[in-house]
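Only a predicted model underlies this, so the values are computations on that prediction, with no experimental measurement involved.
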Amino acid sequence: MKKMTEKTAPVSPAGLSPANLTHTPVPSPAGLSPANLPHTPEPSPAGHTLYERLRDFDLPGIVVRRLQQADRPFWLAFAAVFLALNLIFLFHGAHFMFGDHDWKYLKHGISLGAGLFEGRFSQFVPVTLLSRGEILPVINNAFGFAGFALGVAMLARYWRLPHTKTACVLFALFAALTPYVLSFMYFAFLVIPVLGWNMFVIGSLLISEKEERFSLRRTVSAAVLTTLALGGYPPVINLIAVAFSVRLLFAALFEIPSPAAATPDSPIPLSLPAVLKTLCRRFRWTAFNLVLGAACYKLCLWALTRTGAANASYYNLQTTPLAEWGAKFLLVSRDALLQFSATLPFIPAAYKAAAGIVVLAGIAAALLRIFAPFRTNAPAALSAASGATVSASVADTAAANSDTPDMPYSFSAGAKIFVIMLLAAVFYAPLVTLFISTSLAETEFSPRIDFFGLMYLYAAMFALTLKNAASAAPVALSLIHISEPTRLQLIS
């Protein structure tokens with residue numbers, strides 16, 4: 001065989017050098033040279049007539065493909081909550097209970113500006129769009145339950161629960177099927193406006209978290225959703241505080257990557273700067289968009305009060321003066337504990353006791369994660385903790401290397417203190433409205449206020465228990481399949 005030199009060009013499979021290809025093109029399978037192809041183009045789909053496109057339109061195929069690509073755990077959680085709510089509250093839906101305002105609104109409908117006098121400028125936007133301001137039996141509750149169920153399913157995605165049907169459905173049912181819903185069932189004109197605001201809040205947070213760098217479209221969308229939610233029912237700020245603080249806590253507990261220099265023989269504790277750097281980099285745009293949305297809400301209130309459309313002296317618009325913040329913080333600190341024992345209308349002691357057990361389980365899971373060494377390098381463990389999906393090839397690789405232990409690490413002393421502070425902030429988050437408002441009678445231990453705060457705190461503790469169990473399961477399974485020397489090394 002002739003040895004190739006610098007002066008010898010490589011020979012193509014057809015026996016032609018690259019220089020000759022332009023002069024003697026290889027015939028195509030159809031007997032045409034490339035130069036002739038532009039003169040005989042194939043008809044493009046855009047050239048088809050409307051009749052041909054309609055004839056070839058495969059609606060069943062499109063529906064089947066969309067269903068195959070759908071997020072099944074998400075939509076199953078939505079369907080389960082929606083059906084369960086309609087079934088459980090069937091009595092109230094069938095009898096169509098009326099509240100103190102509903103008779104007037106039932107006869108005359110709800111105008112778009114009916115909530116302006118108390119600063120709720122977007123309160124009746126959803127009901128105006130969906131039913132032109134009319135309160136319709138059965139349909140009214142169905143729309144409200146659909147929005148509420150969708151928001152709860154979105155919350156499971158935002159908090160990155162294990163992406164399984166069982167975990168998503170269990171979380172959604174636990175979060176949604178609470179007696180706090182009854183606090184609005186007796187105000188039919190509020191069912192659509194109030195029950196669906198969680199969908200706006202979680203949608204804003206999901207949009208913001210996808211914003212790795214500044215995006216005008218995402219920032220405007222998130223700020224508008226936040227402004228509409230706050231303008232519809234201001235206590236929704238409790239939900240914003242709970243959802244975001246819990247997201248920060250979950251990210252610190254389950255999603256911080258292990259130190260690059262860690263080895264099985266010399267684990268490196270996760271430092272406080274590493275935790276802060278990761279959280280700031282990941283959630284800086286979320287914080288910016290929330291502040292922007294709150295600023296837009298305050299600007300709208302200022303404009304309404306200046307024009308006289310909103311009554312500035314109304315209790316909904318009164319905020320705690322700066323001089324009283326210290327005393328108010330002490331009150332909020334006391335209520336941070338009492339909120340788990342105070343019984344309210346529709347909220348009996350038995351429910352409080354059962355929910356308290358879930359809270360204790362969540363606290364135990366968080367403390368176990370903070371103080372016990374843990375492992376996050378295994379793809380299966382990371383998937384279970386964050387809700388992400390892992391490809392089959394990665395899973396096969398992890399299974400093939402099961403004798404190699406994950407990199408164990410724990411939090412440093414500073415990181416532990418910070419994560420404990422995040423955990424404490426979660427318990428203060430449901431009381432943001434109490435801290436801001438001057439009206440204790442309307443905001444302290446109120447079921448309608450707790451609907452946006454304490455109810456989601458219970459859901460967070462349940463989610464924390466699920467995530468901790470899911471992240472520990474792969475490690476426990478790996479201990480079963482690894483070799484005996486490695487198992488003894490890990491146990492020691």
Side-chain angles (χ1 to χ4, degrees), residues 157-161 202 204-216 218-219 222-223 226 240-294 362 365-390 394 406-429 460 463-464 467-468 470-472 475:
R157 177 180 292 178
Y158 178 63
W159 282 346
R160 298 195 177 186
L161 266 76
I202 307 305
S204 172
L205 294 172
L206 284 170
I207 292 173
S208 298
E209 187 162 334
K210 292 181 179 180
E211 191 173 357
E212 297 181 358
R213 61 181 65 181
F214 178 76
S215 168
L216 181 62
R218 293 186 185 276
T219 296
T226 302
I240 296 175
V242 172
F244 186 47
S245 61
V246 170
R247 182 70 188 94
L248 291 175
L249 176 65
F250 286 176
L253 289 177
F254 299 99
E255 300 171 27
I256 306 296
S258 60
T263 62
D265 297 328
S266 59
I268 299 177
L270 190 62
S271 64
L272 177 59
V275 176
L276 293 176
K277 180 180 178 180
T278 302
L279 295 182
C280 290
R281 184 176 65 251
R282 186 176 301 180
F283 299 106
R284 64 185 185 278
W285 291 115
T286 300
F288 174 79
N289 294 341
L290 289 177
V291 172
L292 180 61
L367 295 178
L368 181 65
R369 188 79 179 177
I370 293 172
F371 291 100
F374 53 92
R375 314 165 192 279
T376 60
N377 278 1
L382 183 60
S383 171
S386 65
T389 55
V390 178
V394 174
D406 310 331
M407 298 304 169
Y409 73 100
S410 61
F411 290 110
S412 64
K416 289 178 181 178
I417 295 174
F418 175 75
V419 177
I420 291 175
M421 292 175 62
L422 281 180
L423 178 62
V426 170
F427 292 95
Y428 277 83
L464 179 56
K467 288 175 69 70
N468 194 57
S471 63
V475 177

Between Arg160 and Phe250, is a side chain to side chain contact (heavy atoms under 4.5 Å, CB included) present by the stated rule, with each step listed?
CA-CA 9 Å; Arg160 298 195 177 186; Phe250 286 176; over 6 Å; no

Side chain to side chain contact (heavy atoms under 4.5 Å, CB included) with Thr219: which residues, sequence neighbours excluded?
Glu211, Phe214, Phe288, Asn289, Leu292

To the nearest 0.5 Å, what is the distance between CD on Glu212 and CH2 on Trp285?
12.0 Å

Report yes if the side chains of Leu272 and Phe411 come closer than 4.5 Å at any heavy-atom pair, otherwise no.
no

Quick one: pull up CG in Leu276 and CZ in Phe418 and give me the separation to the nearest 0.5 Å.
5.0 Å

Val275 and Leu422, any side-chain heavy atoms less than 4.5 Å apart
no

State, to 0.1 Å, how close Arg369 and Asn468 come at their nearest heavy-atom pair, and which atoms those are.
CD-OD1, 3.8 Å

Quick check: do Leu423 and Val419 have side-chain heavy atoms less than 4.5 Å from each other?
no

Ile370 CD1 to Lys416 NZ distance, which is reported to the nearest 0.5 Å
9.0 Å

dist Leu270:CG -> Ser410:OG (nearest 0.5 Å) comes out at 8.5 Å

Nearest heavy-atom contact between Ser204 and Ala222 is OG-O, 3.0 Å

Should Trp159 and Leu205 count as side-chain neighbours, where that means a heavy-atom distance under 4.5 Å?
no

Taking all atoms of both residues into account, what is the closest heavy-atom pair of Ala415 and Ser271, and its distance?
CB-C, 4.1 Å

Ignoring hydrogens and geometry, is there a side-chain-to-backbone donor-acceptor pair from Arg247 to Tyr158 under 3.5 Å?
yes

Rounded to the nearest 0.5 Å, how far does CZ of Arg157 lie from CD of Glu209?
12.0 Å

Could you tell me the separation between the OG1 atom of Thr278 and the CZ atom of Phe283, rounded to the nearest 0.5 Å?
10.0 Å

